[in-house]
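Only one structure is covered here, and it is reproduced in the block below.
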There are 2 protein chains.
Amino acid sequence: MQLPTEAELEILNILWALGPSTVRDVHTASEKETGYTTVLKQMQVMAEKGLLKRSERYRSHVYEARIAKEQTQRQLARNLVRRAFDGSAKNLVLGALSSQKVTAADLAEIRRMLDEYEKRPL
Amino acid sequence: MQLPTEAELEILNILWALGPSTVRDVHTASEKETGYTTVLKQMQVMAEKGLLKRSERYRSHVYEARIAKEQTQRQLARNLVRRAFDGSAKNLVLGALSSQKVTAADLAEIRRMLDEYEKRPL
DNA sequence: GTATGTCAACGATTATTTTCGTACTTTTTT
DNA sequence: AAAAAAGTACGAAAATAATCGTTGACATAC
């Protein structure tokens, strides 16, 4: 599968949050100051690439992400691990920890995830 | 700071591994089938951007990464967290785990890192 | 039924990144 | 000293990504 570009990821994030939406919806929800036709074109391209599914049943087309958020996240994480962390997920975990504020609750949940993982790797 | 592009990251990885090197060194070490002048130009651009430091003392210039590997990794991780993981490092950790094979030894080391982190957050 | 507004299609433009060919300079070899 | 080898500089082409303007289709309101 091909990884989404920067602008595409922004659109995917909106679609994941809103669910199936029109171009207008996405454009309105976007933080960026980009024009309507820009978003339209981008979503059309994404549909061609297979990143989005388009329903033409209605007056204005309704787009929907074709890939699940979690799957895309995994792929982005895998890609970054490969490119910048010498293939070591461990290093990325360290990088993730050191890159952000992580609360005690987060730490607890991460430990829980580790336990889960140990019992049943994905 | 500005994040390195794909090709730039490849060069940085080589420089981090080899230490200060000439263009020839980097070109030889590279997996990619790209021409010598391509690498040269890229490293010149990177020097302009401030990503590399250039020493002109010798016959062939010697380049060196201006940013530490760990710092760049942190920034890449932070960037990815922001763009694709709703700002939650926890989610990236999960993504990292599910994206790769992680050994028992890795898990142990991750746990150790968590303990470290809890004692003295970065 | 004509005017107004909303939308998709399409092409074109701009910006950025990646790549390479050519020319010029400096060494090294013969 | 001429030829060959190894470098850098420079410009420009090719590829990719992002943006927008214009046009025509289709509704809805008047």
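Not measured: the values here are computed from a predicted model. Below, chain A is the first sequence line, B the second, and so on; all start at residue 1.
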| Residue list, side-chain contact (heavy atoms from CB on, under 4.5 Å) with B:K53, at least two apart or on another chain |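 side-chain contact (heavy atoms from CB on, under 4.5 Å) list for B:K53, sorted by chain: B:E64, B:R66.
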| query | Can any side-chain N or O of B:Q73 pair as donor or acceptor with the backbone N or O of A:A84 at less than 3.5 Å? | reply |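 The answer is yes, because a donor-acceptor pair under 3.5 Å joins these two groups.
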| A:T38 side-chain N/O to A:Y36 backbone N/O, donor-acceptor pair under 3.5 Å |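 No: the side chain of A:T38 does not pair with the backbone of A:Y36.
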| task | Might you point out which heavy atoms bring B:A65 and B:W16 nearest each other, and give the distance in Å? | result |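 Reported closest heavy-atom pair: CB-NE1, 3.6 Å.
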Looking at [N], I'd like to know if its phosphate oxygens (OP1 or OP2) sit under 4.0 Å from a side-chain N or O belonging to [X].
X     : N      : result
A:Q44 : C:dC10 : no
A:K32 : D:dT19 : yes
A:Y36 : C:dA8  : yes
A:R24 : C:dT6  : no

Given [options], which nucleotide is nearest the side-chain atoms of [X]?
X     : options                : value
B:T34 : D:dG7, C:dT19, C:dC7   : C:dT19
B:T37 : D:dC20, C:dT18, C:dG21 : C:dG21
B:T5  : C:dT18, C:dC7, D:dT8   : C:dT18
A:R54 : C:dA9, D:dT8, D:dT19   : C:dA9
A:A7  : D:dA18, C:dC7, D:dT8   : D:dA18
B:Q42 : C:dT19, D:dA9, D:dA18  : C:dT19
A:E6  : C:dT18, D:dT8, D:dA18  : D:dA18

Rounding to a whole Å, what distance do you find between [X]:[atom1] and [N]:[atom2]?
X     : N      : atom1 : atom2 : answer
A:L40 : C:dG11 : CG    : P     : 14 Å
B:E48 : D:dT8  : CD    : P     : 15 Å
B:L9  : C:dT17 : CG    : C1'   : 14 Å
B:K41 : D:dA15 : NZ    : P     : 19 Å
B:L3  : C:dT16 : CG    : P     : 15 Å
B:M43 : D:dA9  : CE    : C1'   : 15 Å
A:H27 : C:dC7  : NE2   : P     : 11 Å
A:H61 : D:dA25 : NE2   : P     : 15 Å

| request: Scan side-chain atoms only and decide if A:D25 and A:T22 contain a donor-acceptor pair under the 3.5 Å cut-off. | output: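 Yes, side-chain donor-acceptor contact under 3.5 Å.
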| Which residue lies toward the 5' end of DNA chain D, A:E33 or A:Q2, if each is placed at its nearest nucleotide? |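 Mapping each residue to its closest nucleotide by heavy atoms, the 5'-most match is A:Q2.
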| field | A:R59 (side chain) and C:dT6 (base): donor-acceptor pair under 3.5 Å | value |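 Looking at the base of C:dT6, it does pair with a donor or acceptor on the side chain of A:R59 (distance under 3.5 Å).
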| query | NA contact type, B:S60, heavy-atom cut-off 4.0 Å: base, sugar-phosphate, or nothing? | reply |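 Contact class for B:S60: sugar-phosphate only.
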| Only one of A:Q42, A:K49, A:Q2 clears side chain to side chain donor-acceptor pair (under 3.5 Å) with A:E8; which? |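 Among A:Q42, A:K49, A:Q2, the one meeting side chain to side chain donor-acceptor pair (under 3.5 Å) with A:E8 is A:K49.
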